[in-house]
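The structure under discussion appears below in the form of structure tokens.
Fair warning: this is a prediction, and the values are worked out from it, not measured in the lab. Each chain gets a letter, A, B and so on, in the order its sequence line appears, and its residues count up from 1.
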Number of protein chains: 2
Amino acid sequence: MRADARRNRDRILEAARDAVAERGADAPMELIARRAGVGVGTLYRRFPDRDTLLAALAEQYVHELMDALDHAVAAEPDAWSAIRAFVVYSVDKGRGAIAAALAGTSAPQARQALVRRLDELVRLAQADGAMRPDVGTDDLMELLNVFACHPDVIPKRFLPLMLDGLDRR
Amino acid sequence: MRADARRNRDRILEAARDAVAERGADAPMELIARRAGVGVGTLYRRFPDRDTLLAALAEQYVHELMDALDHAVAAEPDAWSAIRAFVVYSVDKGRGAIAAALAGTSAPQARQALVRRLDELVRLAQADGAMRPDVGTDDLMELLNVFACHPDVIPKRFLPLMLDGLDRR
DNA sequence: TATAACCGGAAGCCGACATTCCGCTTAGGA
DNA sequence: TCCTAAGCGGAATGTCGGCTTCCGGTTATA
């Protein structure tokens with residue numbers, strides 16, 4: 001693989017990440033190409049179709065989250081703080097839409113590793129009495145998945161919590 | 001206006017409400033017509049263009065909210081409970097997307113009345129010490145507006161509250 | 001310097017929607 | 001009951017945005 005080809009591949013992935021985060025999984029290929037400073041031809045040569053591109057994106061994304069989680073665990077004093085830091089980071093990055101794309105495309109093994117890791121933390125945090133016991137790892141993953149991009153399921157599950165959050169304490 | 005015409009008008013409005021709630025302000029006119037059990041021709045005869053339709057929808061929507069608010073005030077024991085009930089109702093109805101459409105089209109006078117009414121309640125609830133003082137009517141309106149359809153602004157403003165909600169108390 | 005790999009973007013294709021138009025149907029008054 | 005203006009459906013047409021292909025020109029690298 002020629003050096004320029006590799007460079008372009010990276011740029012495309014980066015541009016795709018931003019584009020997908022902003023406009024959802026069906027962001028125009030042309031937009032992605034333009035942002036990457038590349039012709040559409042190049043984009044298609046590297047990723048024959050949108051699914052291939054999304055799959056690559058998903059894989060990269062899971063790895064980023066994994067790193068973020070490790071980092072949070074190292075930097076925070078306890079499990080619950082680490083979880084919070086991790087969630088805040090993930091949502092802040094505004095990568096919700098990518099998570100959604102990921103949900104479709106999947107990157108099964110990597111994702112599972114992430115879930116397992118997070119699960120340990122949740123158990124710990126709950127054992128510490130720092131985290132509500134009625135919320136699980138799945139909820140957190142769903143939180144990440146849907147927070148930014150599947151608005152219609154948020155209310156059902158999270159509105160009550162949100163309202164509690166609004167209550168004076 | 002002939003009886004069948006009026007009936008169709010109502011059906012269209014109803015179908016549009018659902019369609020917009022599900023698919024956003026740019027739900028296909030054809031879909032709306034089909035759901036209303038009506039030909040596109042009929043839809044266009046009644047509402048010359050999408051804006052007209054959305055405007056009608058917005059107006060109806062504000063009135064619904066107004067009613068809901070009145071009802072909540074009558075049924076709940078205090079201001080804060082009424083606000084909660086109102087918010088829950090509004091979001092539950094899944095009409096977030098309509099609110100968004102409304103934000104664009106507007107129905108200024110009706111909307112203002114709603115805001116004023118809600119504002120009284122908020123002051124009351126805060127005076128009671130039942131509601132966090134650092135959240136205002138505008139926040140509530142924004143909550144309604146964006147909760148379901150403008151996912152990218154939720155995190156900035158509401159994530160912290162959400163997390164507090166997750167904390168064991 | 002030769003050449004195989006790579007690049008950009010114009011061109012063509014396609015599907016999804018908006019909007020129009022007109023021949024048929026029907027509500028409702030005389 | 002009959003008449004007719006009001007109303008109806010949905011095929012047809014036009015537009016637009018995005019996908020994908022293709023090829024003449026460019027460039028990395030041996």
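Here the C1' atom of nucleotide D/dC8 and the CZ atom of B/R9 are 17 Å apart, to the nearest Å. Distance, A/R6 CZ to D/dA28 P: 17 Å, rounded to whole Å. Atom CD in A/E30 sits about 16 Å away from atom P in D/dC16, given to the nearest Å. Between B/D26 atom CG and D/dG17 atom P there is a gap of 13 Å when expressed in whole angstrom units. Taking atom CZ on B/R34 and atom P on C/dA16, their separation rounds to 12 Å, with Å as the unit. In this structure, A/R7 atom CZ and C/dC7 atom C1' are separated by 12 Å, rounded to whole Å. In this structure, CG of B/L31 is placed 16 Å from C1' of D/dG10, rounded to the nearest angstrom.
The shortest distance between the side-chain N/O atoms of B/N8 and the OP1/OP2 oxygens of D/dG7 is not below 4.0 Å.
Summarising the geometry of A/F47 relative to A/A56, their closest heavy-atom pair is CE2-CB, 3.9 Å, with the distance given to 0.1 Å. Among all heavy-atom pairs drawn from B/V115 and B/T137, the shortest one is O-CG2, 3.9 Å.
Taking CG of B/D78 as the reference point, atom CD1 of B/I83 lies at 9.0 Å (rounded to 0.5 Å).
Against DNA chain C, the stretch residues 40-50 of chain A makes heavy-atom approaches under 4.0 Å through A/V40, A/G41, A/T42, A/R45, A/R46.
Candidate nucleotides C/dC17, D/dC8, D/dA28 were compared by shortest atom distance to the side chain of A/D4, and D/dA28 ranks first. For A/R2, taking side-chain heavy atoms from C-beta onward, the closest of the listed nucleotides D/dG7, D/dG18, C/dA5 is C/dA5. Side-chain atoms of B/M29 lie closest to C/dA18 of the nucleotides C/dA18, C/dC7, C/dG28. Of the candidates D/dA28, D/dC8, D/dC19, D/dC8 carries the atom nearest the B/A5 side chain, counting heavy atoms from C-beta on.
A side-chain donor-acceptor contact under 3.5 Å links A/R50 to the backbone of A/A25.
Considering only residues two or more places apart in sequence or on other chains, B/D128 meets the salt bridge (charged side-chain N to carboxylate O under 4.0 Å, His left out) condition with none of them.
The side-chain hydrogen bond (donor to acceptor under 3.5 Å, both in side chains) pairs that include a residue from residues 34-49 of chain B are B/E22-B/R35, B/D49-B/T52, where partners are two or more places apart or lie in different chains.
Salt bridge status for A/R17 with A/E64: present, with a side-chain N to carboxylate O gap under 4.0 Å.
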